[in-house]
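What follows is a short report on a single structure.
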Amino acid sequence: MIEDGLSLDQLSISHADGKGLVQLSADIAPREVLSLMGPSGVGKSTILAAITGTLSPAFRLEGRITLNGRVLNALPPQKRRVGILFQDHLLFPHLSVGQNVGFGLPPRTPDRAARIQAALSEIGLDGFEARDPETLSGGQRARVALMRMLLAEPDALLLDEPFSRLDVGLRDRMRELVFTRARAARLPVLLVTHDIADAEAAGGRVVNLPE
Amino acid sequence: MLATDLSPGKQWGLAPTLTIALLLGPIAAGLLGTILPAFGGMRPDGQNGFSFDPWTRLWAEPGVGQALWLSFKTGFLSTLGALIGCFLLIAGWQGTRVFSRLEALLSPLLSVPHAAAALGLAFLIAPSGWIARLISPGLTGWTRPPDVLILQDPGGWSLIAGLMIKELPFLLLMSLAALPQIKSAERMRVTQVLGYGRVRGWFLAVMPALYTQIRLPIYAVLAYAMSNVDVAMVLGPSRPPTLSMFILRWMTDPDLTLRAPAAAAALVQLGLVAAAIMVWRGGEKAVAALINRGVESGTRGMGLRDTALTTIGLVLSLTAGIAVFGGLISQLIWSFAGRWRFPDALPSSFSLMSWERHGPDAVEVTLITLALAFVTALIALVLVIGCLNTELGAGRKMNRTGMVILYLPLILPQIAFLPGLQILMIQIGAAQGIFPVVLTHLVFVLPYVFLALAGPYRALDRRYATIGAAMGLGAVGMLWRIRLPMLLAPILTALAVGMAVSVGQYLATLLASGGRLNTLTTEALALFSGGDRRAIGVWTIALAFTAWLPFLLALMIPRIVYRNKSGLRHD
């Protein structure tokens, strides 16, 4: 158990009928990346759903999830301060790029427009506020999704194969951007991936989930 | 497995209970109000006591046996015809350009109320109708309308045709919604690679899976076709009429003692529909056995028969589309007709006279109809969104019982429980004002709104909700800032479907308001017996337009609101 960071203490997820699915214990310190690898169907994404608090009622969760000393188990997803990025970047299609980024800002943030502008500028998308997200390239969407999540000021970041849909060339740059930003924000990061190159780029420990 | 988003939010917990109560409450009350008077209860003179008198009175009525047979025959044959037409069309043409054109032609037909379609068909096929005018005197030599009974023929064939042209597009759209789920295109590719003809391959490999998906809508069509009054009133035979028309006549007769035999007849109608569904299920088993034999024989079914069958599917569907549209066009012409002598194909002069005479009334009734439809559909929409949200929170889809409850108002014949509901409401003095009408419409609007919205609502990627939650968005914010805006188009479509259903209600409006509320449907049907074609034209056009208008808005509003958002434009 650690005071700071994300801690999964004897986490065990089983089907509602009692059949076990996956078990994991891990401590992830701030700035650390833990990579979770394994074939599809072993429950990697289910672990992430347990941490975000969106586990289907078809599963049972045992064990304790703590973040910076707070026990998350009983908290609703909105109170957990756990950020997540998916392989599909899932920008809201009914909002502009600027509105998407602003979606992450806490309510009553002063100078919203300026914050959004600065955030877009940081990822090289100056002046993209009014654009339709559908008109962005895959790499641009990935960056917008990252900024949207970071502006919500999460205490931890979960990554659900966020690089797998990107072109090989883009993938390196996006990995570097994500990990750099996560370290700068002192976030513990849990990465779920198929790709050993992701884990290598993350530079942290790798846990292989058995089948 | 990424699953549900959120705690459903307590404010939604009531929605499913309330919805079930609003569906089952009126049905249960209506059945009670039918059963009691059928056995001597709830008499207008207060002399209650168990008796079989209503039944004796019913069977003493001449022509009741024939009416039973007519209801069964017209309902069964029209449903079978519509289903065969729909299946042959899909089997023969799905994936072709012809098919997408036909789909575009037939989809708008869904909004056309049954009454409007029936009145339109009557204008087409009557001895003095448009078809006779178009082919006379050239092909027929007629210079006067021939003295043949086409409309309201004793055999019920024009009624069968009228039901078929409306039910075929309905079954087609229900099928189209189900086909992607059963991977029909892939199945077809396999059968064709193995050398099967289109129709044979489709019936062996696609139809069984599709049928399971659309079984409940088919039963709903069968029940409606056997028990409707809005189409039977226009196209059905009159001496004797179908059983449902018998019931309606007695229910609206000034002689209140006729309500008891009407209630008994309503129970007979209920039994008749149940029996027909049993017979239909027997048919299902027989067809399943045939398909098994077909699979084992390995016959490929290529060649002439395949071509013939695909042609039949095309002809039936085209006929349905042309009949409904042609009927409405002839109504439109009549509404502007000045002098129109038989056998001229078109009026010799046009005038605004009919619109000037009936327009102001029609506008007023249109507004009433729209207001009633909007209020009802909106209530249904809120309840349905509540149910679907609860479903997301619970992380599982509605079960089979839920589906059956949802389809119950569509499978139970209206004529079997609405008269009972009226009798009951009169007894307790509740048959006043607009409230009973809204409540009764809701019983039929709710299922359609649910069916229209459930698919898109469930299909919305739940990871959007996870992202929203990760950014601290609560259940209310999730609904207003993510789900509703992203689902604007399907939500408006569901609202339009609900409004169209309400606009088309005849029996529910007539009985729940005690005949005191006039909507476009009740007015248009009331005019039919008068035979003033210009007046009927004005009201039927107003009716069809009013049912279609919400669909137009549902199509346009998202395009305007999201004109810069191409990610939402595909739906």
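Each chain gets a letter, A, B and so on, in the order the sequences are listed, and its residues count up from 1. Note that this is a predicted model, so its numbers are computed, not measured.
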Output the distance between atom CZ (B:R481) and atom CG (A:L95), rounded to the nearest 0.5 Å.
8.0 Å

Check whether B:I482 gets within reach of chain A through its side chain, its backbone, both or neither, counting any heavy atom under 4.5 Å.
both

Under the salt bridge (Lys or Arg N to Asp or Glu O under 4.0 Å) rule, collect the residues that match up with A:E32, sequence neighbours excluded.
A:R205

Could you check if a side-chain atom of B:K565 sits within less than 4.5 angstrom of a side-chain atom of A:H94, using non-hydrogen atoms only?
no

Using a cut-off of under 4.5 Å for heavy-atom pairs, which of A:R80, A:M149, A:K79 has the most such pairs with chain B?
A:M149

Within the 4.5 Å heavy-atom criterion, are B:I467 and A:F103 side-chain neighbours or not?
no

Side chain, backbone, both or neither of A:L158 within contact of chain B (heavy atoms, under 4.5 Å):
neither

Using modelled atom types and a 3.5 Å cut-off, is there a donor and acceptor pairing between side-chain atoms of A:Q78 and backbone atoms of B:L473?
yes

Starting at CZ of B:R463, measure out to OG1 of A:T54 and round the result to the nearest 0.5 Å.
11.5 Å

Quick check on A:L21 against chain B: is it the side chain, the backbone, both or neither that has a heavy atom closer than 4.5 Å?
neither

Interatomic spacing from OG1 in B:T466 to CG in A:L90 - rounded to 0.5 Å:
9.0 Å

Inspect the surroundings of CD in A:E122 and state if more than 12 heavy atoms from other residues, nucleotides or ligands are less than 6.0 Å away.
yes

So for atom CZ, which belongs to B:R458, do other residues, nucleotides or ligands contribute more than 12 heavy atoms lying within a distance under 6.0 Å?
yes

Heavy-atom nearest pair, A:A152 first then B:M471, reads CB-CG, 3.7 Å

What closest approach, in Å, do A:V82 and B:A470 show between heavy atoms, and which atom pair accounts for it?
O-CB, 3.1 Å

A:R131 versus chain B, heavy atoms under 4.5 Å apart: side chain, backbone, both or neither?
neither

Can you tell me how far apart OH (B:Y562) and CG (A:D132) are? Round to the nearest 0.5 Å.
11.5 Å

Looking at every non-hydrogen atom in both residues, tell me the closest pair between A:P93 and B:M486 and how far apart they are.
CD-CE, 3.3 Å

